[in-house]
Amino acid sequence: MFSSLKDKVGQVLLPGDEFSPETDDTISLTDHVKPEKVVCGPGLRRSGDRLLVCKSGVLRHKQPNMFWIDSQQRRYVPAKGETIIGIVTVKSGDVFKVDFGGSEQASLSYLAFEGATKRNRPNVQVGDLVFSQFIIANKDMEPELVCIDSSGRANGMGVFGGGGLLFSVSLGLVRRLLSPHSQVLADLQRLFPCELVVGMNGRVWVKSSSVQQTLVIANLLQSCDTMTAEQRQQLFRRVAQGAP
Amino acid sequence: MKDTPLSNCERDFLLKAIAEKKRLDGRQTYDYRKMKITFGTDYGCCFVDLGKTRVMAQVSCELVPPKESRPNEGIMFFNIELSPMASPAFEQGRQSELSVKLNRQLERCLRNSKCIDTESLCVVSGEKVWQIRVDVHLLNHDGNLMDAASIAAITALCHFRRPDVGIQGDEVTVYSPEERDPIPLSIYHMPISVSFSFFQQGTYLLVDPSEREERVMDGLLMIAMNKHREICSIQSSGGIMLLKEQVMRCSKIASVKVSEITELISQALENDKKARKAGGRCGFAESMPQERITALKMDETPVEMTDVSDRANDVIQKAEAPPHTVPSPVVPVPGVGQVGQGLQNTWGLEEDDEEEENDNSGEEQEEKVTQMEEELHEKEESRGDVVEISDSEEEEVVILHPETPAPKNTGLSSHQKGAATSKKRQKK
């Protein structure tokens, strides 16, 4: 199965495609056989002894044995540990309700901020943006957010957002922006100096030195979602030349 | 499901940007978004795209008894549906405030302005009249639903054809579209609504607000006008105080916009009429924009597959042997590429056209027919400008370092589509 998966890396797969262990797979009784391990990422699901594809997209591979399907989507499904940008909608007593674009709103306790105590409440208003991470995110329970990490420090999370623009892009672009050596980010850095907050729920907040530049960056990011690398670089170059 | 709430920073940013006369998508204050009008296969079905806002209108007709108070007039019925696919804020079945407001505005705009001659819809006075029903469905909500809905409704009414009716004494026959061509409705004028949004208590004004701008606006002014500069309906909502000069200015802007939009509608109706007459493809499928991530697309060429192997063998046996090939390309001068002529032309194409377009060298004509790789070689060739291959069309042919006499073919000899250079030489 490993070899058949390896063959299809880079190809477009559709839900319903499956990978089953080869029927003529013979295991020698005398040689030392290493069990093949395949780690399934998003879009692949194990059913019995077969691997089923459940999202349409391109099959990707990472050494040594990780496979996943790269697909385009805009609807965010919460996952534990992911950092997102949420909007505070309700402030009731000790708990804030935060909208992050999912099917229900997440709850954020007022004590989950750095340096917050019962006497010292954080300054959070309805309509504020918060950058936080999920500690509970599964399909059976209401999602919960916190703005501190496990050691109690904020680590960049918390309330933010004066003076910038919030917009939404597809989840694929967000992952590309957050990947370690991001091409998109490198191209963007050469353009204008700006402050960027990227939430894994597809929301991006940008702030630059002037309103015009902020609008330009927002429009650029929204449009380079479906462009190839050259088209994107060409677009950025055109913008850099156009801007004084 | 509730709509995404608007965060404070978005609101502040939008208001700040509007104060600096900047809009999110880069439009000017009085600019409309890109408008696209397409029609479905049936008469009376119209799609309007205003930026990302998408609206569909469908007109249908039915014979019904008329109202008692107006026995010789037809009936017009308007309905706007806020489909849940347009926005998460719209719920199925519930008559929200926005839905009531839009319905009322559309009715006032189209019915009270008497843009359609209802008396012509009467078939038998007091007994049978046509009831024209306009259903507008909102498919995507990105702001300014009213304008898109009014444009869609009036365009669909102009596009609609009702069945022809024949009256002989007491007998009334309704002809089907196959028996007699359906006839259009008689429309006096086209009222079109233009929306203006106000910000900061009327200080700033924007035409055609998008969804984000609608969320932060203070008030909305809707003016429905036709191209003869007659105001059909005017409505202000949101409770802002407007000055007389502001309203006058808005009406002037509206008259300009309405004439542009009316022009666009007439153009679209014309195009559709031509397309239907020519028997071309028209309809919903054609109106969908092709949004593709892939860059290349090639149409399938139909290939006749019957008896392929036999025919192939046939062809191979009857064809001439390919001319002698050289194993490697000969480069007379470093830095220049050798252009191959490929095999002889077996396509039997007309030579006349090709000969008339004699450019610098025969190779150039080959390039038009052959593939990209050869074009690259040709460019190298012209850039080099040092040597001319012997079988070009030039008068003087000089080869600086002749290693072999002009080779006929090079390694690129697999291309079948070489132009007929041999035949050209004969002509010379």
Side-chain angles (χ1 to χ4, degrees), chain A residues 12 57-58 70-72 75-76 85-90 97-105 124-130 159-168 170 172 197 201-203 205-208 210-216 218-220 222-223 225-231 239, chain B residues 1-29 31 33-34 51-53 84-89 91 140-143 199-200 204 206 209-217 288-298:
Chain A
V12 174
V58 181
D70 220 351
S71 57
Q72 277 284 62
R75 170 69 61 181
Y76 176 65
I85 296 181
I87 303 175
V88 177
T89 53
V90 175
K97 283 271 188 258
V98 174
D99 168 274
F100 59 91
S103 52
E104 53 180 318
Q105 303 195 337
V124 178
Q125 308 302 325
V126 171
D128 278 349
L129 293 178
V130 282
V159 179
F160 71 101
L165 176 64
L166 180 76
F167 56 96
S168 72
S170 78
V197 176
N201 54 343
R203 292 190 185 159
W205 178 90
V206 69
K207 177 173 171 183
S208 188
S210 75
V211 165
Q212 177 68 11
Q213 285 187 356
T214 315
L215 285 175
V216 166
N219 278 321
L220 275 179
Q222 277 174 324
S223 53
D225 221 333
T226 47
M227 289 190 184
T228 62
E230 293 113 40
Q231 287 171 333
V239 172
Chain B
M1 200 185 128
K2 258 171 61 180
D3 207 358
T4 321
L6 188 69
S7 57
N8 297 343
C9 90
E10 273 183 285
R11 177 188 301 271
D12 295 335
F13 185 84
L14 278 166
L15 291 174
K16 198 163 74 161
I18 290 169
E20 291 183 23
K21 304 250 191 290
K22 298 210 192 318
R23 297 177 85 160
L24 278 189
D25 43 9
R27 284 185 279 159
Q28 297 299 317
T29 325
D31 278 349
R33 284 170 285 184
K34 179 156 173 284
K52 288 211 191 118
T53 301
M85 75 168 114
S87 158
E91 281 175 21
N140 195 27
H141 175 29
D142 196 31
F199 303 85
Q200 312 278 40
Y204 302 104
L206 286 182
S210 69
E211 205 245 337
R212 295 274 113 177
E213 289 160 358
E214 270 187 359
R215 295 240 202 152
V216 297
M217 72 182 173
M288 294 292 289
Q290 304 230 294
E291 287 168 25
R292 289 191 291 248
I293 300 180
T294 53
L296 277 186
K297 180 190 170 191
M298 286 203 349

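Order of the sequence lines fixes the chain letters, A, B, ..., with proteins taken first and strands second; residue numbering starts at 1 for each chain. These figures come from a predicted structure and were not determined experimentally.
Heavy-atom minimum distance, A:D99 versus B:T4: OD1-CG2, 3.7 Å. Contact between B:C9 and A:W205 at its shortest, heavy atoms only, is SG-NE1, 3.7 Å.
Each of A:V88, A:V98, A:T89 was scored for a side-chain contact (heavy atoms from CB on, under 4.5 Å) with B:P5, with one residue passing: A:T89.
With a 4.5 angstrom heavy-atom cutoff, A:D128 touches chain B via backbone and side-chain atoms both. Heavy-atom distances place both the backbone and the side chain of A:L166 under 4.5 Å from chain B. For A:Q222, no part sits under 4.5 Å from any heavy atom of chain B, backbone or side chain.
Atoms OG1 and NZ, from A:T214 and B:K16 in turn, are 7.5 Å apart once rounded to the nearest 0.5 Å.
Under the salt bridge (charged side-chain N to carboxylate O under 4.0 Å, His left out) criterion, B:R215 pairs with B:D3, B:E211, sequence neighbours left out. Contacts of B:R23 classified as side-chain hydrogen bond (donor to acceptor under 3.5 Å, both in side chains), with partners at least two apart in sequence or in another chain: B:E213.
Judged purely by atom type and a 3.5 angstrom limit, B:N8 uses its side chain to pair as donor or acceptor with the backbone of A:V126.
Of all the listed residues (A:A218, A:G163, A:G162, A:G164), the one sharing the greatest number of non-hydrogen pairs under 4.5 Å with chain B is A:G164. Considering only heavy-atom pairs separated by less than 4.5 Å from chain B, the leading option among A:L129, A:L165, A:V216, A:I87 is A:L165.
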- Task: Given side-chain contact (heavy atoms from CB on, under 4.5 Å), test B:E20 with A:L215 step by step and report yes or no.
- Result: CA-CA 12 Å; B:E20 291 183 23; A:L215 285 175; over 6 Å; no
